[in-house]
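Presented below is the structure to which this report refers.
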Number of protein chains: 2
Amino acid sequence: MADVARLAGVSHQTVSRVVNGHPNVRAATVERVRRAIEETGYRRNSTARALATSRTNVLGVIASETALYGPAQTLVGIERAAREAGYFLTVVSLDHTSRDSAAEAVDHLIQQSVEGCVAITPQRRLAERLTAPDAPRPLVMVEGGEDWGLPVVCVDQAQGAAEAVEHLLGLGHRTVHHIEGNPLWPQSRARLAGWRRALAGAGAPAPATLHGDWSPRSGYEQGRALLARRAAGEPVTAVFVGNDQMAVGVLRALGEARLDVPGDVSVVGFDDVPEAEFLSPALTTVRQDFARVGQESLSLLLQQVGGADTAPRADLRRMVPARLLPRGSSGPAPAPDVRDNPRKETS
Amino acid sequence: MADVARLAGVSHQTVSRVVNGHPNVRAATVERVRRAIEETGYRRNSTARALATSRTNVLGVIASETALYGPAQTLVGIERAAREAGYFLTVVSLDHTSRDSAAEAVDHLIQQSVEGCVAITPQRRLAERLTAPDAPRPLVMVEGGEDWGLPVVCVDQAQGAAEAVEHLLGLGHRTVHHIEGNPLWPQSRARLAGWRRALAGAGAPAPATLHGDWSPRSGYEQGRALLARRAAGEPVTAVFVGNDQMAVGVLRALGEARLDVPGDVSVVGFDDVPEAEFLSPALTTVRQDFARVGQESLSLLLQQVGGADTAPRADLRRMVPARLLPRGSSGPAPAPDVRDNPRKETS
DNA sequence: GCCAACATTGTTGGCGCTAACATCCGGAGA
DNA sequence: TCTCCGGATGTTAGCGCCAACAATGTTGGC
């Protein structure tokens, strides 16, 4: 910086002013400094700037399970939004093998003096750590629980789930079974609630739910459990699966039992992973707009910057709509005789 | 820090020594300072430390397509390895819609004064930018091309591909077709090379390759192109697909044409995404050890820290083996009469 | 008992930048 | 012509920390 100042024949402060776009600098001077910067290849040192202004321009992201489609997409969305807003991003992923990895992750970010934090890992333990007074502020949790006391951005999971269920009921199914994802994730609870609400709204009975963990393997296992119920006489003609990955496992289980989808059983997933459209049959699913989630998260974060930096306000919530994409895996309910006597096919 | 020093009755420098684990401090003093730190809740300011030491402790990662399984997994692996090595991570993803996003991304990292950089986006344009003298040093590219002049960590794609092809030839297939992924990715080129090498090694003819872009849609399209060739009389009994996502599209195309997998055509993918095992049929594929890639990248990065920080050395290469996982989608070649008269089935 | 040698602690001077204040200058108004 | 004001620039004082050196103990050997 001193070099630039010398070269341009001004003080280092004027250089600083030019770099920061300060208004009161004569155009000719700006030009001279610009050229000097060009010539020396000067780049402002963001560390020193951060020290002087006590603004790091860095936001933290706490992630986990970034191998899953949803979290990975959300992360990308946030990254994009952050860059547009002129922020850098530090990402830390939780390690599920360690007990207090949530605390470690938060410490990591505090140490980095981030100016804000987005958690895309909706874990209760993490939420608790983040409500502590020394946690980074402001903060936003993506898909956090309503009662966790944090500002939240989330997809309207319940609405998406309800749409899926209504779609199936509209096709003539008497009821819809549900395979839940990992119940520790609020997404999972919300989809469950939407499913229940839609069934209740249509006066349809709500069969006992099955519990998976988002993985294709768990989908397969729960699919088999569903088949066992069907073999026991329970009418199973439509399944709303917690996510597309599990739906793949369900399709597999149904296929092994020689059941036709959607002829015998209709299947609907959630997420709209790129593969969904190309499964056989193409998977009906509910699309989430992750890019939008990223944008809203950042907008909610920046909105809080102005306010009094006290405790996070739980009343701040942003909802992003979800959209049903009907495809081949959902069809009309099988003829009544089939449904009345399900043993026929599985025997 | 001054508070801590006052409370412990020592100078700030002694506090600094305790915090940094400097050896020559009396045990009693250490204890006193520790308690003072505890009491005041003091945390060292990493910005000031970075300014004083000119070491930021931050590594940069340039990513893209983090929605794809491979990049997402690699990112996780690097994050873990970095944390273990005591580094923070700044992630920037390339925006493919913008022409010079590679340059922007690198500038972003330079501005952040990262101490090193891992590129998990094997783009030629990016590689060129990274060979410029002002790019972050040291650096490592994951899956970079051999002639890009950068240190590289990569999975042994060629070996994995060759294993896949040999597996298929071993099942009696006369040859194996190949649907390539995005040809701009060196992974894609390497798999192609492995495929070609294995065919040549077995004296099998190499059919013209088909070109996809990693997406399920492109797999579907290329699968249909393959069917057209088959309909035209070309014997197609085994396909090695560039990745699992495209393989899903291929399976769909084959299914629509009422071809049985593996009865009529065997299909092998690459990556081993979690869904692969639960497709119908279960997809034979080649697993990449992404966690290992992350570790090796970091180790290669840190290894370079000692050396003279001149241009990146292209001779630094680390290879991670790949492993074939035979599953249901690959089976013996159909009986000769079927192969001799392929028109029969597609009509 | 004295001094060298070492262990322990304190003091000083930046790291590169920005905020706040100080200074200078030209032009409008009295 | 003089004053006053605001635009343009320079000067000074840190931001919180660490490296280097200075100044104390403290030990052991003669």
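Everything numeric in this text was worked out from a predicted model, so none of it was measured. Keep in mind that the numbers below use all heavy atoms, side chains included, and drop hydrogens, waters and symmetry copies. Here is the naming used below: chain letters follow the sequence lines, and residue numbers restart at 1 for every chain.
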### Query
Taking B:Gln304 for the side chain and B:Leu300 for the main chain, is one N or O donor matched with an acceptor at less than 3.5 Å?
yes

### Task
Nearest-nucleotide wise, let me know which of B:Thr29 and B:Leu51 is further upstream toward the 5' end of DNA chain C.
B:Thr29

### Query
For nucleotides 18-26 of chain C, read 5' to 3', which letter fits each nucleotide if B means a protein heavy atom sits under 4.0 Å from the base, S means only the sugar-phosphate is that close, and - means neither?
BBB------

### Query
Is the shortest side-chain N/O distance from B:Thr47 to OP1 or OP2 of D:dC17 below 4.0 Å?
no

## Note on the structure
note: A:His22, atom NE2; D:dG10, atom P; distance rounded to Å ~ 14 Å

### Task
State whether B:Arg26 places a side-chain N or O below 4.0 Å from either non-bridging phosphate oxygen (OP1 or OP2) of C:dA7.
no

### Task
Would you please test B:Ile120 and B:Ile78 for side chain to side chain contact (heavy atoms under 4.5 Å, CB included) and show each step?
CA-CA 10 Å; B:Ile120 59 182; B:Ile78 290 173; 3.5 Å; yes

### Query
In whole angstrom, what separates A:Asn24's CG from D:dC5's C1'?
13 Å

### Message
Closer than 3.5 angstrom, by distance alone: can the side chain of A:Thr14 be matched with the main-chain N or O of A:Val10 as a donor-acceptor pair?
### Response
no

### Query
Using a cut-off of less than 4.0 Å, is there contact between a side-chain N or O of A:Asn45 and OP1 or OP2 of C:dC17?
no

#### Entry: Pair partner, D:dA20 [Watson-Crick or wobble, under 3.5 Å]
C:dT11

### Task
Look at the side chain of B:Val25 and decide which nucleotide, out of D:dG10, C:dT9, C:dG10, has an atom nearest to it.
C:dT9

### Task
Applying side chain to side chain contact (heavy atoms under 4.5 Å, CB included), run through A:Leu150 and A:Thr131 and close with a yes or a no.
CA-CA 7 Å; A:Leu150 298 177; A:Thr131 43; 3.6 Å; yes

### Query
Do you see a donor-acceptor pair shorter than 3.5 Å between the side chains of A:Asn20 and A:Arg44?
yes

### Query
Any chance the side chains of A:Arg318 and A:Gln295 put a donor and an acceptor closer than 3.5 Å?
no

### Query
For C:dT8, does either OP1 or OP2 sit under 4.0 Å from a side-chain N or O belonging to B:Thr14?
no

### Query
In whole angstrom, what separates B:Asn57's CG from D:dC18's P?
12 Å

### Message
Could you check whether atom CD of A:Glu31 has more than 12 heavy atoms from other residues, nucleotides or ligands sitting under 6.0 Å from it?
### Response
yes

#### Entry: Candidate nucleotides D:dT11, C:dT9, D:dC15, ranked by approach to the side chain of A:Ser11 - the nearest
D:dT11

